[in-house]
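Contents: one structure, followed by commentary.
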Amino acid sequence: MNDLGTPVLDDHLHLDPDHGRGVEAVKDFARSGGTHLLVVNKPSWLLGVEAETGADFRTVFDTTVEVVERANEILPGRAWPVLGVHPGLVSKLVDDREFTPTNARDLMQSGLEVAAEYVADGRAVALKSGRPHYDVTDEVWDASNAVLRRALELGAETGSAVQLHTEATDDLTEVAEWAEAAGLPPERVVKHYAGGELAGVTPSVMSDKDRLELAVERGEPFLMETDFIDDPDRPGAVMGPKTVPRRVSWMQEQGYDEAIRTAHVSTPELVYGLDTEATLSK
């Protein structure tokens, strides 16, 4: 194990114990110096789930909860599930399954309500939602924003953070306003796959050096992630599980110690209420 002398959290990656590397990826992360993970359920259709009701998402959520339990046997820190409905599902439903945008909205909101049950009883630490990052019709966009706003309401109701998959942007102040209106502090809303600068909510910065340098210079709360997709059919897609520990090592070489503490200790506490230091094995 490579001990970097600090908690090292990957804020957003996927683990697929049946079709991907699963806990083998966790071992790579830990050997490289990683300590903590937030594991986001894979999109439901990639796990073969064609949901008809909100309850149908339980198979997806249970798969993630189970692989997190296995990850906790490996990590020097621990892992937590982040559960929800991928915003790309709206297109699968409307384009492939002939749902109306309204019916797609209702199904996705129902799935989020089931995910919120896992958060409420302590089996998950946060919700995941968002809106498409590609062009859609106005009707689908409106339905997607209604799903996103329901996720914010559920975050407020359960007292949990919400991770969002959205279009590429450095300004989500409107979403921050929606969060405040729902009773959820905007800093507890996280844009996954973020750049180094972001207005409105907390960025989960993709761990390439250019984006990280921007985040360091900005001096605001941020997280680090890989979005590792754990898909053997797409090797090399996005970033591998060793990336965040390697970037932390690089940040140490650059003298970015304060930023490391921001990304791996203070921001996880601010956003999720997680104590990455106390959860490190002594």
Side-chain angles (χ1 to χ4, degrees), residues 9-18 20 22-23 25-26 29 35-44 46-47 49 51 53-75 77-87 89 107-130 147-148 150-165 179 182-185 187-192 201-202 204 223 225-230 267-276 278-279:
L9 169 72
D10 188 333
D11 182 62
H12 185 111
L13 91 169
H14 307 277
L15 296 173
D16 187 337
D18 298 319
V23 293
V26 179
F29 174 74
T35 61
H36 294 77
L37 294 171
L38 287 178
V39 182
V40 184
N41 62 261
K42 291 187 76 168
S44 51
L46 293 180
L47 295 179
V49 173
T53 68
D56 292 341
F57 289 94
R58 289 189 189 277
T59 302
V60 178
F61 302 154
D62 289 341
T63 296
T64 303
V65 170
E66 289 163 10
V67 77
V68 164
E69 290 171 354
R70 294 171 63 192
N72 282 332
E73 298 171 1
I74 296 165
L75 292 169
R78 62 161 298 177
W80 296 273
V82 176
L83 304 179
V85 179
H86 193 285
L89 179 61
L107 174 59
M108 294 170 73
Q109 288 180 338
S110 295
L112 283 167
E113 287 158 6
V114 173
E117 295 175 16
Y118 287 71
V119 174
D121 67 17
R123 284 180 289 168
V125 76
L127 295 168
K128 183 261 177 72
S129 184
V147 173
L148 189 162
R150 181 61 180 141
L152 300 175
E153 293 170 358
L154 291 165
E157 290 171 16
T158 57
S160 74
V162 179
Q163 282 197 16
L164 297 180
H165 173 117
L184 181 65
E187 62 269 17
R188 303 201 73 195
V189 180
V190 176
K191 174 173 168 46
H192 128 74
V201 304
T202 300
S204 183
L223 298 151
E225 68 164 80
T226 58
D227 191 26
F228 174 63
I229 61 172
D230 203 7
T267 306
E269 172 69 37
L270 172 73
V271 173
Y272 303 107
L274 300 177
D275 189 332
T276 55
T279 48

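Within the 4.5 Å cutoff, no side-chain heavy atoms of Met108 are placed close to those of Ser44. Counting heavy atoms from C-beta outward, Leu83 and Lys128 have side chains that stay 4.5 Å or more apart. The shortest side-chain heavy-atom distance between Thr63 and Asn41 does not fall under the 4.5 Å cut-off. In this structure the side chain of His14 never reaches within 4.5 angstrom of the side chain of Val39, judged on heavy atoms. A 4.5 Å side-chain heavy-atom check between Leu9 and Leu37 finds every atom pair outside the cut-off. For the pair Leu184 and Val189, the minimum side-chain heavy-atom distance is below 4.5 Å. At a threshold of 4.5 Å between non-hydrogen side-chain atoms, the residues Leu154 and Gln109 do not count as touching. Residues Phe57 and Val49 are not in side-chain contact: their nearest non-hydrogen atoms beyond the backbone lie 4.5 Å or more apart.
Looking at Thr202, its side chain does come within 3.5 Å of a backbone N or O of Glu187 through a donor-acceptor pair. Here the side chain of Asp230 pairs no donor or acceptor atom with the backbone of Gly20 at under 3.5 angstrom. With hydrogens and angles disregarded, no donor-acceptor distance shorter than 3.5 Å links the side chain of Asp11 to the backbone of Leu38.
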* CA sep, side-chain torsions, deciding dist, call: Leu223, Val190, side-chain contact (heavy atoms from CB on, under 4.5 Å) -> CA-CA 9 Å; Leu223 298 151; Val190 176; 4.2 Å; yes
* Decide side-chain contact (heavy atoms from CB on, under 4.5 Å) for Leu75 and Val26; before the verdict, give the C-alpha distance in whole Å, the side-chain angles of both, and the deciding distance to 0.1 Å. => CA-CA 7 Å; Leu75 292 169; Val26 179; 3.7 Å; yes
* Give the C-alpha distance, both sets of side-chain angles, the deciding distance and a yes or no for side-chain contact (heavy atoms from CB on, under 4.5 Å) between Val119 and Leu127. => CA-CA 8 Å; Val119 174; Leu127 295 168; 3.8 Å; yes
* Residues Glu69, Arg78; criterion salt bridge (Lys or Arg N to Asp or Glu O under 4.0 Å); working and verdict -> CA-CA 9 Å; Glu69 290 171 354; Arg78 62 161 298 177; over 6 Å; no
* **CA sep, side-chain torsions, deciding dist, call: Val125, Val82, side-chain contact (heavy atoms from CB on, under 4.5 Å)** => CA-CA 6 Å; Val125 76; Val82 176; 4.2 Å; yes
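Rounding to the nearest 0.5 Å places CZ of Phe29 at 12.0 Å from CZ of Phe228. Atom NE2 of His12 sits about 6.0 Å away from atom CD of Gln163, to the nearest 0.5 Å. Distance check: Leu274 CG to Thr267 OG1 gives 11.5 Å after rounding to the nearest 0.5 Å.
Ala179 and Leu152 get closest at one heavy-atom pair: N-CD1, 3.7 Å. A pairwise comparison of heavy atoms in Ala151 and Ser129 identifies CB-CB, 3.4 Å as the closest pair. Closest non-hydrogen pair, Leu107 versus Ala51, comes out as CD2-O, 3.4 Å. Of all heavy-atom pairs spanning Arg70 and Pro17, the tightest one is NH1-CB, 3.8 Å. Scanning both residues, Ala25 and Leu15, for their nearest heavy atoms gives CB-CD2, 4.0 Å. Smallest separation of non-hydrogen atoms from Lys42 and Leu46: CE-CD1, 4.4 Å.
Looking at Ser204 and Glu225, their side chains do bring a donor and an acceptor atom within 3.5 Å of each other.
A search for side-chain hydrogen bond (donor to acceptor under 3.5 Å, both in side chains) contacts involving Thr279 returns His36, not counting sequence neighbours. Under the ring-ring contact (aromatic ring centres under 6.0 Å, His included) criterion, Phe61 pairs with Tyr118, not counting sequence neighbours. With sequence neighbours excluded, the residues satisfying salt bridge (Lys or Arg N to Asp or Glu O under 4.0 Å) with Glu157 are Arg150.
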